[in-house]
Participant: 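Before anything else, here's the structure in question.
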Amino acid sequence: MIVGKNIHKSFGDLEVLKGVDLHVKPQEVVVLVGVSGSGKSTLLRCFNFLEMINSGEITIDGHTINPKKEDLAKIRAEVGMVFQHFNLFPHKSVLENVIEAPITVKKMKKEEAKKLGMNLLRKVGLEDKADVYPSKLSGGQKQRVAIARSLAMEPKVMLFDEPTSALDPELVGEVLQVMKQLAEEGMTMVVVTHEMKFAKEVADRIIMIDQGTIIESADPKNFFENPQNERTKQFIQLVE
Amino acid sequence: MIVGKNIHKSFGDLEVLKGVDLHVKPQEVVVLVGVSGSGKSTLLRCFNFLEMINSGEITIDGHTINPKKEDLAKIRAEVGMVFQHFNLFPHKSVLENVIEAPITVKKMKKEEAKKLGMNLLRKVGLEDKADVYPSKLSGGQKQRVAIARSLAMEPKVMLFDEPTSALDPELVGEVLQVMKQLAEEGMTMVVVTHEMKFAKEVADRIIMIDQGTIIESADPKNFFENPQNERTKQFIQLVE
Amino acid sequence: MPDLFVDVFDVFMRTYQGFLEATVVTLELTAIGVVLGTVIGLIFALMKISGSKILRGIANIYITVIRGTPLIVQIMFLYFGIVEIYTMSNFWAGAIALGVHNGAYIAEIFRGAIQGIDPGQREASLSLGMNRKQTMQRIVFPQALRRSIPPLGNQFIITLKDSSLVYIIGVAEIFSLANREAAQSYQAFESFLVVALYYLVLVMIFTFLLRLYENKLDVDKA
Amino acid sequence: MPDLFVDVFDVFMRTYQGFLEATVVTLELTAIGVVLGTVIGLIFALMKISGSKILRGIANIYITVIRGTPLIVQIMFLYFGIVEIYTMSNFWAGAIALGVHNGAYIAEIFRGAIQGIDPGQREASLSLGMNRKQTMQRIVFPQALRRSIPPLGNQFIITLKDSSLVYIIGVAEIFSLANREAAQSYQAFESFLVVALYYLVLVMIFTFLLRLYENKLDVDKA
Amino acid sequence: GEDDSSSGSESTGSEGSGSDFDLLEEGQFTTASSGLYKPFSFEEGGDLKGFDIDIGNAIAEEMGLEPNPVTTPFETIIQGLNSNRYDAIIGSMSNTKERSEQVSFSDPYYYSGGAIFVREGNTEIQSAEDLEGKKIGVVGQSTYETAAAEYTDDIQYYTSDVVALQDLTIEGRLDAVITADVVGFEAQNAGLEVEMVGEPLWIEQPSIAVRKDDEELLAAIDEALDTIIENGTYEEISEKWFGRNLLDVDLEGVEVLE
Ligand SMILES: Nc1ncnc2c1ncn2[C@@H]1O[C@H](COP(=O)(O)OP(=O)(O)OP(=O)(O)O)[C@@H](O)[C@H]1O
Ligand SMILES: Nc1ncnc2c1ncn2[C@@H]1O[C@H](COP(=O)(O)OP(=O)(O)OP(=O)(O)O)[C@@H](O)[C@H]1O
Ligand SMILES: [Mg+2]
Ligand SMILES: [Mg+2]
């Protein structure tokens with residue numbers, strides 16, 4: 001579904017991604033782990049063209065992207081992204097947040113968009129908050145709205161960048177629940193998270209990034225019980 | 001060692017603590033848990049007189065405090081506090097952070113304070129960072145300095161308010177390690193934390209606060225395996 | 001002291017009609033100065049955040065020059081300089097000088113507000129498939145505009161006080177009236193006290209209105 | 001255009017010696033205005049954060065009045081109004097007016113810096129057993145002072161420009177010289193252009209120095 | 001010995017300065033002008049120059065004092081005197097009834113015509129009557145302001161007559177400027193395209209002003225003024241600036257402003 005080949009990315013002198021290969025199959029759920037600064041967020045942002053890669057190749061749904069030639073907006077619409085800090089639009093109500101992109105980008109009729117929006121809000125359990133402004137929501141509710149907002153564009157793959165790490169611990173569950181459901185429905189997902197329980201239960205594959213390269217890639221059972229790389233072992237010890 | 005009796009505390013109309021009784025014995029390690037807003041931080045802050053209680057009574061080391069009559073600075077010196085966001089003094093080096101209070105409050109000689117400070121930095125594993133400024137430290141290092149800084153006043157009890165929740169997951173361990181060691185050395189401690197593994201291993205008692213009252217108090221085994229209160233059960237489910 | 005009070009009251013009673021007219025002039029100058037400054041400021045703020053190096057350079061020069069010279073020099077310069085292109089009345093020369101002056105400060109207000117919007121907002125919008133223009137128009141600008149209103153209100157109050165300087169090109173606003181009153185009546189202390197009170201009352205009224213608005217904003221947000 | 005250039009150059013050559021002297025006066029006024037303002041500002045900032053309602057009230061009135069009236073009114077008031085109590089030279093009247101004016105703005109700079117220090121700093125200090133005074137002296141003030149220096153530098157630049165207003169009481173600073181030059185040479189436009197350049201160069205020099213300092217601060221921090 | 005009294009009056013002067021009157025700075029005669037009134041007072045190359053300045057110097061010398069000319073905006077020049085900023089005004093300020101309620105005036109030290117100036121080639125304004133409702137530029141607090149107010153409500157205020165005359169040359173700004181004839185002529189000579197309308201409206205009497213209570217100082221000034229007129233110093237100064245003696249005016253049949 002989404003494929004990165006030999007991705008290199010530097011910020012000035014700092015080489016953050018040093019040739020990453022990542023092949024995510026349709027309906028697969030990949031969890032990315034790694035210590036702070038290892039390049040997890042950068043990789044996700046490259047997949048969404050919020051950062052431009054220096055070399056390598058990104059293919060989405062069989063189509064290799066040439067960022068210089070194509071309409072990036074169109075490509076981004078196919079890849080949903082959920083951020084650590086939600087990034088809801090504060091000047092728009094919950095429903096308006098969700099229907100903004102369908103109306104502006106897809107030129108969907110307002111009525112139709114609203115119906116779609118309400119369906120998605122129902123899906124994340126926030127139907128009753130449609131007319132509320134984001135500032136009135138808890139962190140967990142905000143993140144669920146953000147997920148609904150992304151889904152409104154019917155993306156082919158969803159990227160999650162530490163979606164629960166800005167949440168109070170008792171609010172983490174409700175967001176993970178929505179993500180789990182999404183995975184069960186067959187959404188292709190790449191998730192950066194420190195929630196190891198979620199990784200164990202939901203991931204098809206766990207990938208460990210260290211200093212800009214993939215050093216381990218295995219199904220959850222093997223990843224935790226039989227890590228190959230020394231750094232992976234250390235990491236597992238730290239977070240367990 | 002530190003005893004709170006029927007503590008009430010309101011902010012304006014909001015009653016945050018509604019009659020809390022907490023008796024911490026010498027050398028005991030108590031872990032406080034509860035959802036966000038339940039009053040955990042407020043309770044710790046009352047014990048350190050950063051907030052003044054509206055009614056009730058606080059006794060430290062057998063001595064009941066009348067905040068109106070006594071020198072609060074002296075009492076605070078007997079109770080160490082470690083904050084979520086470290087609150088190191090950015091304009092002072094690591095060693096200066098540690099020796100500031102002994103010199104200013106206890107009028108300790110600079111030479112002597114430095115010796116004490118270096119010993120404490122050794123204890124938290126940061127001897128080599130003595131002359132560095134806080135901005136150069138990682139979060140975990142900052143928090144360990146903060147612990148050393150508190151210890152420099154030789155407090156009778158240490159209060160920790162979510163000491164690891166501002167840390168990247170891979171840095172949590174080094175702080176918990178220092179705290180564990182402290183507990184083993186017999187320090188009386190009250191710890192607000194979401195680290196359940198730490199609670200299980202180190203706590204003598206786990207106390208659950210909900211909406212300003214203590215609803216559960218038990219040793220770790222009983223707390224997790226045999227919770228009495230419905231809200232406690234919910235909470236354990238959420239964080240496990 | 002009672003004497004002083006009588007004197008001040010005396011000056012006040014003798015002059016209040018003239019002052020009311022002058023106050024209208026002061027407020028007109030202020031309003032034109034701010035409105036014009038907002039238009040200019042918007043243009044230069046857009047230039048400053050644009051992709052073109054030349055536009056950015058022009059905006060930078062404008063802002064540096066205006067912020068690097070005293071308003072009173074700008075007023076004189078415009079009054080005697082712009083003549084070669086177009087002759088205008090002293091009132092308009094003063095109002096335009098205030099507008100040109102404000103333009104640089106308001107450009108910085110807008111730029112600050114736009115750049116103060118969390119980059120996450122832009123990223124979220126882009127990630128949804130909105131293009132740069134849509135992102136600016138629908139996500140960034142509406143938020144930036146709302147944030148600009150309190151500093152714009154503040155700029156209005158600054159301009160109200162700054163408008164006193166156009167007395168130098170002979171516009172009959174409050175301060176010039178006080179000056180003449182002081183010279184004619186030889187009651188300098190009382191005259192300047194009275195004019196200070198006029199400004200103070202005007203500033204306090206607008207400060208109050210601004211606070212009201214800000215509180216409303218805060219309530220909307222919460 | 002070449003004509004204009006020749007004229008401006010002509011004015012420049014004819015006046016630069018006088019302007020150098022006037023620049024010294026401008027810089028003296030500015031320096032005294034800022035130093036005096038810092039002293040006054042420190043006192044009022046302490047009053048504003050003090051426990052006493054009366055002191056806070058006095059500080060509030062002072063700050064409101066000064067920020068609510070134009071500097072030029074304050075200068076006139078001090079020069080012609082205060083005479084009844086004490087007569088001072090126009091230079092000192094101007095410098096003191098600038099100082100009194102700055103005092104209100106600098107008080108807000110200090111207050112902002114003090115209140116901008118993370119409350120966690122105060123709490124950490126108190127929790128270590130330091131009393132209020134020790135906490136203020138050893139933890140809060142040193143940090144607040146460091147933070148105040150960039151806005152103080154900015155205030156210096158504002159004062160440099162504001163000092164042009166004391167021409168109104170006949171102090172021989174740069175702007176008054178431009179006025180005299182305009183009246184003498186019948187070249188108003190060129191004179192004000194030259195004086196604008198003087199201010200611009202001075203402001204740019206001080207802005208540059210301020211940036212240098214701020215960068216140094218940033219490096220120290222990182 | 002009036003003709004040859006420089007040493008004599010010097011001694012009188014120093015006596016006076018020591019005991020008869022208080023000066024701002026001992027031994028100095030501090031006098032004010034606007035410095036924006038060429039050729040009477042203006043600054044060139046950092047030096048204050050002009051007829052008023054030279055007269056001030058001569059009078060100070062007569063009184064045995066160090067001259068100390070300063071400048072201050074004309075609008076506030078009287079307030080400055082009354083708030084002890086200088087000892088006297090030698091700044092082309094005419095003696096009027098209204099002003100003499102606030103200050104004391106010496107004998108006039110020259111005569112000057114108040115005149116209407118218009119842009120060169122302006123045929124619309126031929127006489128004072130044509131000023132009705134026109135836009136007139138004057139210096140605030142000058143006698144010309146009072147005159148202008150008789151013709152129009154549309155007055156534009158300036159800090160300098162010279163600058164007002166400059167503004168007059170700009171199309172669309174001003175219809176006329178009222179100022180001293182000599183000041184206008186000087187501007188004309190400097191190349192400004194302005195011209196005087198008809199004859200001067202009136203003759204006025206610029207005089208030296210001191211504070212009301214400084215009677216001794218005023219007497220000393222009058223005495224010194226007499227001396228320099230009689231010993232030819234005055235004529236020399238006047239010839240230097242104007243090529244004629246400004247006191248040689250036939251006051252017969254003309255309006256004298258009071
Ligand atoms: N825009 C940028 N400019 C310069 N450096 C950057 C930028 N974005 C990221 N970096 C650097 O790239 C490295 C990797 O950052 P990245 O955010 O991808 O790490 P991460 O694995 O997501 O870490 P974390 O767990 O802290 O989010 C870091 O050293 C970071 O400082
Ligand atoms: N200074 C204050 N003024 C007003 N309300 C306050 C203040 N401090 C705390 N509160 C309120 O008191 C309640 C309890 O706050 P407290 O910080 O003790 O909760 P907590 O259990 O520590 O939560 P968390 O896990 O989020 O830190 C909250 O509703 C909070 O908003
Ligand atoms: Mg990241
Ligand atoms: Mg808390």
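A, B, ... follow the sequence lines: proteins, then strands. Residue 1 opens every chain.
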Participant: Do you know which two heavy atoms are closest between C/V73 and D/A196, and how far apart they sit?
Facilitator: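 Smallest interatomic distance, heavy atoms only, reads CG1-CB, 3.7 Å.
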
Participant: Which of the residues D/I168, D/T207, D/N179 is involved in the greatest number of heavy-atom pairs with chain C at under 4.5 angstrom?
Facilitator: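 Max contact count across the listed options: D/I168.
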
Participant: Against chain D, label C/F206 side chain, backbone, both or neither, depending on which of its atoms sit under 4.5 Å from a heavy atom there.
Facilitator: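 When you check distances to chain D, no heavy atom of C/F206 falls under 4.5 Å.
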
Participant: How long is the straight-line distance from CD of D/E190 back to CZ of C/F77, given to the nearest 0.5 Å?
Facilitator: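 Reported to 0.5 Å precision, the distance equals 9.5 Å.
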
Participant: Can you say whether C/L165 sits under 4.5 Å from chain D via the side chain, the backbone, both, or neither, judging by heavy atoms?
Facilitator: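 Looking at C/L165, just its side chain touches chain D.
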
Participant: Between chain D and each of C/L71, C/V195, C/L193, C/D162, count heavy-atom pairs under 4.5 Å; write down the option with the most.
Facilitator: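 Answer, by heavy-atom pair count under 4.5 Å with chain D: C/L193.
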
Participant: Go through the steps to decide whether D/L200 and C/V65 satisfy the test side chain to side chain contact (heavy atoms under 4.5 Å, CB included), and finish with yes or no.
Facilitator: CA-CA 7 Å; D/L200 192 58; C/V65 168; 4.0 Å; yes

Participant: Heavy-atom count check: over 12 atoms from other residues, nucleotides or ligands less than 6.0 Å from D/E28 CD?
Facilitator: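 Enclosed.
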
Participant: Is there a side-chain contact between C/M76 and D/F189, using heavy atoms and a 4.5 Å cut-off?
Facilitator: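 A side-chain contact is absent here, since even the closest heavy-atom pair is not under 4.5 Å.
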
Participant: What distance separates D/I75 CD1 from C/F192 CZ, expressed to the nearest 0.5 Å?
Facilitator: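 Between atom CD1 of D/I75 and atom CZ of C/F192 there are 11.0 Å.
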
Participant: If you count heavy-atom pairs under 4.5 Å with chain D, which of C/A178, C/S163, C/S191, C/S164 comes out on top?
Facilitator: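 Max contact count across the listed options: C/S164.
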
Participant: I'd like to know if the side chain of D/K161 and the backbone of C/I72 have a donor-acceptor N/O pair within less than 3.5 Å.
Facilitator: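 No; zero donor-acceptor contacts below 3.5 Å.
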
Participant: Rounded to the nearest 0.5 Å, what separation is found between the OH atom of D/Y199 and the CD atom of C/Q74?
Facilitator: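 If I round to the nearest 0.5 Å, the distance is 11.5 Å.
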
